Asker: 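One structure is given below, represented as structure tokens, and several questions about it will come after.
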Amino acid sequence: MDFKTAIASALAAQCSLPAEELAGWLETPPSPDMGDYAFPCFKLAKTLRKAPNAIAEELAETLALPEGVSSVEAKGAYVNFTLDKAAQAKAVLERVFSQKERYGGSDMGDGRNVCIDYSSVNIAKPFHIGHLPTTVIGNSLYRIYNHLGFHSVGINHLGDWGTQFGKMIVAYKLWGDRDTIEEGGVDELVKIYVRFHQEVETDPSLDDQARAWFKRIEDGDPEAMELFEWFKAITLTEVEQVYDILGIRFDSYAGESFYNDKMGRVVDELREKGLLKLDQGAQIVDLSEYKMPPCIILRSDGATLYATRDIAAALYRKDTYDFAKCLYVVAYQQDLHFRQWFKVVELMGYPWSKDLVHVSFGMVSGTEGAFSTRKGNMVKLRDVLRAACDKTYEIICEKSPDLENKRAVAQQVGVGALVWNNLYNGRIKDVVFDWNTVLNFDGETGPYVQYTHARACSVLRKAEYKPGDVDYSILTDAESAAAITAIGAFPDAVREAMEKNEPYLVSRAVIAICAAFNKFYFEQRIMADTPDVRAARLALTDATRSVIKTGLGLLGIAAPERM
RNA sequence: GUGCCCGUAGCUCAGCUGGAUAGAGCGUUGGACUCCGACUCCAAAGGUCGAAGGUUCGAAUCCUUUCGGGCACGCCA
């Protein structure tokens, strides 16, 4: 039984209210010297018709001391509970040592599948800084769900369909060169694509050719398909290099083209269920009852749309994975689109429509406004990654000249800094890309966390630490207790991060652990002369190291042992 | 015009299922390395929580209105 439950049941015995409800009322006092848990008595005042202060005093006197609690005090309208520090230290640290890298996890997911649609790159388009949020948020959620006993299914819903591929083929046949493209990759594909748009101004017939080529792709013409697949391969090789650097993998690359033959079923089903309506030549689902514009299923020329494809994909994923949840890590611009087609799925009579979640996030813009491939102010992800790694390399050369494999560590730290920046705040915040911010490693950043981890590793290494019996009563000073409290708060943070699909809750929990540990490090000498004291502090150091590593892992960030 | 989101310290943000003196980091100023990694730690300064009403014993948090910003609003994705 944990401390909170113990306190709640002790209170329940006195208040004749369910312990579960009372547990929900418990708060954390504003200052640690007031205690570890606080019970506000305002709500009881009404039913008991007594002053909250009087209730608090009475409770404090009559309450049986819950297990693990050393003191109960009334302060104003609150009953404050102070935990027995040694008991808390024992409970928290033993849990860390027994669960190890699984600390903060659980089996609550029960092996159920969670589909996570993220990154979803466009074929033959550059992988730029704007793709980072969906990529790293999705990756972190992937890890967080797995940690909690779910089975994550990472889906890269490739943007690999549309008339632009007809244009690509025309452009390639006119101005492309196989070797140049093999060598230059996506950049070369973009070049000829841009040229197409320039030349079509003077030669509109190019558009007709493009349409014809796209038709050939649709019909499965061998030559068209070969080129189409080749463009895909070129793009994927390139983005996979970035995924490798970021430590990201996907379970499926089923994208738009994959659902091409699966949309007829959706249209038929919508028609059978009487949801389709002809309006201005297009087939729509009327959503005016739900105060939304109609969801267009078929264009007036009979072609399918984005929503059609997303519905087809959702049905396919439900059939294939029987997901407990299906997350779409997509920028908030598409909020209405998701609300619309989620509603359509609901109207189709699928109760699992409630399991579809749009995990939206803010947009990335430059200091001079929105990024645009056409404007050419787009910042390529590879360039940012390289810059971050280079800067880290310089810092390492300056501060740790003797470190082996500097380049490898520089990559872990540089990339970690970048990933951290995207997972440190609430998703919804817009981000203005700025080199100074991106390359700032001071304060509450990835490198700070990694440094703390490396520092803990260093201490343990020098001490030649071996786990053993610990006298937990040694870890009762303010700094040790604060570190232990922070570590103890980690599991709840992970669970909440999953419930809200907000990885930053993990980041903040990790930062709290680091801050507490660094303070502990400063105030208490770990390598104390007394063996018992040293053993206890080393144990705390080891637990800290372990939880930081786990936390960074959930964010998709490496935890080097030296840096 | 309508809908959704955001507005908290100079800057970037936590806190928002209502609760005790509104918290961090950056930046600024000052301080701490004979000692386990100073990419660290400590301290100071800095706030009408956009504004106005309302609900409440109690509001940054809930409701209404309003101002400012972002996004979206039928055949793109």
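Predicted, not measured: the structure shown is a model, and the values here were computed from it. Here is the naming used below: chain letters follow the sequence lines, and residue numbers restart at 1 for every chain.
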Asker: Would you indicate what F42(A) reaches in the nucleic acid, counting non-hydrogen atoms under 4.0 angstrom: base, sugar-phosphate, or nothing?
Answerer: base
Asker: When you match K291(A) and P40(A) each to their closest nucleotide on RNA chain B, which lands nearer the 5' end?
Answerer: K291(A)
Asker: Let's test this: given Watson-Crick or G-U wobble pairing with both distances under 3.5 Å, identify the partner of U12(B).
Answerer: A24(B)
Asker: Can you tell me which nucleotide in C39(B), A72(B), C36(B) comes closest to the side chain of K399(A)?
Answerer: C39(B)
Asker: Remember a base hit wins even if backbone is also touched, and classify N80(A) as base, sugar-phosphate or nothing at under 4.0 Å, heavy atoms.
Answerer: base
Asker: Report the base-pairing partner of C49(B) (Watson-Crick or G-U wobble, both distances below 3.5 angstrom), or none.
Answerer: none
Asker: Has K262(A) got more than 12 heavy atoms of other residues, nucleotides or ligands less than 6.0 Å from its NZ?
Answerer: yes
Asker: In whole angstrom, what separates I511(A)'s CD1 from C39(B)'s C1'?
Answerer: 12 Å
Asker: Base, sugar-phosphate, or nothing for M563(A), non-hydrogen atoms under 4.0 angstrom?
Answerer: base
Asker: Would you classify E561(A) as touching base, sugar-phosphate or nothing, given that sugar-phosphate means primed atoms plus P, OP1 and OP2, and contacts are heavy atoms under 4.0 Å?
Answerer: base
Asker: Separation of K519(A) atom NZ from U40(B) atom C1', in whole Å?
Answerer: 13 Å
Asker: Starting at atom CG of N422(A), determine the distance to atom P of C13(B), rounded to an integer number of angstrom.
Answerer: 12 Å
Asker: With the threshold set at 4.0 Å, does a side-chain nitrogen-carboxylate oxygen contact exist between K500(A) and E496(A)?
Answerer: yes
Asker: Give a yes or no on whether a salt bridge exists between E394(A) and K391(A), defined as a side-chain N under 4.0 angstrom from a carboxylate O.
Answerer: no
Asker: Which of these nucleotides, C13(B), C36(B), A20(B), is closest to any side-chain atom of N425(A)?
Answerer: C13(B)
Asker: Are K429(A) and A14(B) close enough that a side-chain N or O sits under 4.0 Å from OP1 or OP2?
Answerer: yes
Asker: For the residue pair F433(A) and W435(A), categorise the inter-ring angle as parallel (less than 30°), tilted (30 to 60°) or perpendicular (more than 60°).
Answerer: perpendicular
Asker: Of the candidate nucleotides G74(B), G37(B), C39(B), which contains the atom at the shortest distance from the side chain of Y521(A)?
Answerer: G37(B)
Asker: Distance check needed: A77(B) P versus H157(A) NE2, whole Å only.
Answerer: 10 Å
Asker: Could you check whether A38(A) gets within reach of a base, just the sugar-phosphate, or nothing at all, counting any heavy atom under 4.0 Å?
Answerer: base
Asker: Would you measure the distance from the P atom in U17(B) across to the matching atom in C26(B) and give it in whole Å?
Answerer: 28 Å
Asker: How would you label the contact of G162(A) with the nucleic acid (heavy atoms, under 4.0 Å): base, sugar-phosphate, or nothing?
Answerer: nothing
Asker: Distance between the C1' atoms of G27(B) and C67(B), in whole angstroms?
Answerer: 30 Å
Asker: Using a 4.0 Å heavy-atom cut-off across all strands, classify A528(A) as base, sugar-phosphate, or nothing.
Answerer: nothing
Asker: NA contact type, E256(A), heavy-atom cut-off 4.0 Å: base, sugar-phosphate, or nothing?
Answerer: sugar-phosphate
Asker: Check the angle between the aromatic planes of F338(A) and F342(A) and answer parallel, tilted or perpendicular using the 30° and 60° thresholds.
Answerer: tilted
Asker: Any side-chain N or O of R339(A) under 4.0 Å from OP1/OP2 of C73(B)?
Answerer: no
Asker: Heavy atoms under 4.0 Å, any strand shown: does I428(A) hit a base, just sugar-phosphate, or nothing?
Answerer: sugar-phosphate
Asker: Round to a whole Å and report the spacing from NZ of K43(A) to P of G18(B).
Answerer: 7 Å
Asker: Counting only side-chain heavy atoms from C-beta out, which of C39(B), A20(B), C35(B) sits nearest to I395(A)?
Answerer: C39(B)
Asker: What nucleotide among C36(B), C39(B), C4(B) has an atom nearest to a side-chain atom of D335(A)?
Answerer: C4(B)
Asker: May I ask you to say what S360(A) touches in the nucleic acid, namely base, sugar-phosphate or nothing, with a heavy-atom cut-off under 4.0 Å?
Answerer: nothing
Asker: Distance check, C1' atoms only: G69(B) and G25(B), in whole angstrom units.
Answerer: 24 Å
Asker: Any idea which of A20(B), G74(B), G37(B) is nearest the D279(A) side chain?
Answerer: G74(B)
Asker: May I ask which nucleotide in the shown strands pairs with G3(B), Watson-Crick or G-U wobble, both distances under 3.5 Å?
Answerer: C71(B)
Asker: Are R407(A) and D390(A) within salt-bridge range, i.e. N to O under 4.0 Å?
Answerer: yes
Asker: Between G50(B) and A60(B), how far apart are the two C1' atoms, rounded to whole Å?
Answerer: 12 Å
Asker: Would you classify Q524(A) as touching base, sugar-phosphate or nothing, given that sugar-phosphate means primed atoms plus P, OP1 and OP2, and contacts are heavy atoms under 4.0 Å?
Answerer: base
Asker: Rounding to an integer number of angstrom, what distance separates G31(B) and C63(B) when you compare their C1' atoms?
Answerer: 49 Å
Asker: With both distances kept under 3.5 Å, what pairs with C41(B), Watson-Crick or G-U wobble?
Answerer: G31(B)
Asker: What is the distance from CD of E444(A) to P of G23(B), rounded to the nearest Å?
Answerer: 15 Å
Asker: Under the ring pair (Phe, Tyr, Trp, His ring centres under 6.0 Å) test against F165(A), which residue among F214(A), F196(A), F228(A), W213(A) passes?
Answerer: F228(A)
Asker: When the distance from CZ of F338(A) to P of C5(B) is rounded to whole Å, what number comes out?
Answerer: 17 Å
Asker: Looking at G74(B), I'd like to know if its phosphate oxygens (OP1 or OP2) sit under 4.0 Å from a side-chain N or O belonging to Y306(A).
Answerer: no
Asker: Nearest of G74(B), C73(B), C36(B) to any side-chain atom of K462(A)?
Answerer: C36(B)
Asker: Could you work out the separation of A72(B) and U65(B) based on their P atoms and round it to a whole Å?
Answerer: 25 Å
Asker: Between L505(A) and N518(A), which residue's closest nucleotide on RNA chain B lies nearer the 5′ terminus?
Answerer: L505(A)
Asker: Given the C1' atoms of A9(B) and U28(B), what is the spacing between them in whole Å?
Answerer: 13 Å
Asker: Quick check for you: among G70(B), G74(B), A38(B), whose closest atom lies nearest to any side-chain atom of R455(A)?
Answerer: A38(B)
Asker: Any base atoms under 4.0 Å from P29(A), or only sugar-phosphate, or nothing? Heavy atoms, all strands.
Answerer: base
Asker: Pick base, sugar-phosphate or nothing for L305(A), based on heavy-atom distances below 4.0 Å to the nucleic acid.
Answerer: sugar-phosphate
Asker: Just to confirm, is there a sub-4.0 Å distance from OP1 or OP2 of G25(B) to any side-chain nitrogen or oxygen of Y504(A)?
Answerer: no
Asker: Under the criterion ring pair (Phe, Tyr, Trp, His ring centres under 6.0 Å), which of Y118(A), Y259(A), Y328(A) is the partner of H157(A)?
Answerer: Y259(A)
Asker: Report the nucleotide, chosen from C4(B), G70(B), C41(B), that has the shortest atom-to-atom distance to any side-chain atom of Y448(A).
Answerer: C41(B)
Asker: What's the CZ-C1' distance between F522(A) and C39(B), to the nearest Å?
Answerer: 16 Å
Asker: I'd like to know whether CZ of R534(A) has more than 12 heavy-atom contacts from other residues, nucleotides or ligands below 6.0 angstrom.
Answerer: yes
Asker: Please report the distance separating the C1' of A24(B) from the corresponding atom of C42(B), rounded so that it comes out in whole Å.
Answerer: 15 Å
Asker: So what does Q334(A) hit on the nucleic acid, given a heavy-atom distance under 4.0 Å: a base, only sugar-phosphate, or nothing?
Answerer: base
Asker: What's the closest nucleotide to the R525(A) side chain, out of C73(B), A20(B), C36(B)?
Answerer: C36(B)
Asker: Please confirm whether the ring centroid of W25(A) lies under 6.0 Å from the ring centroid of Y37(A).
Answerer: no
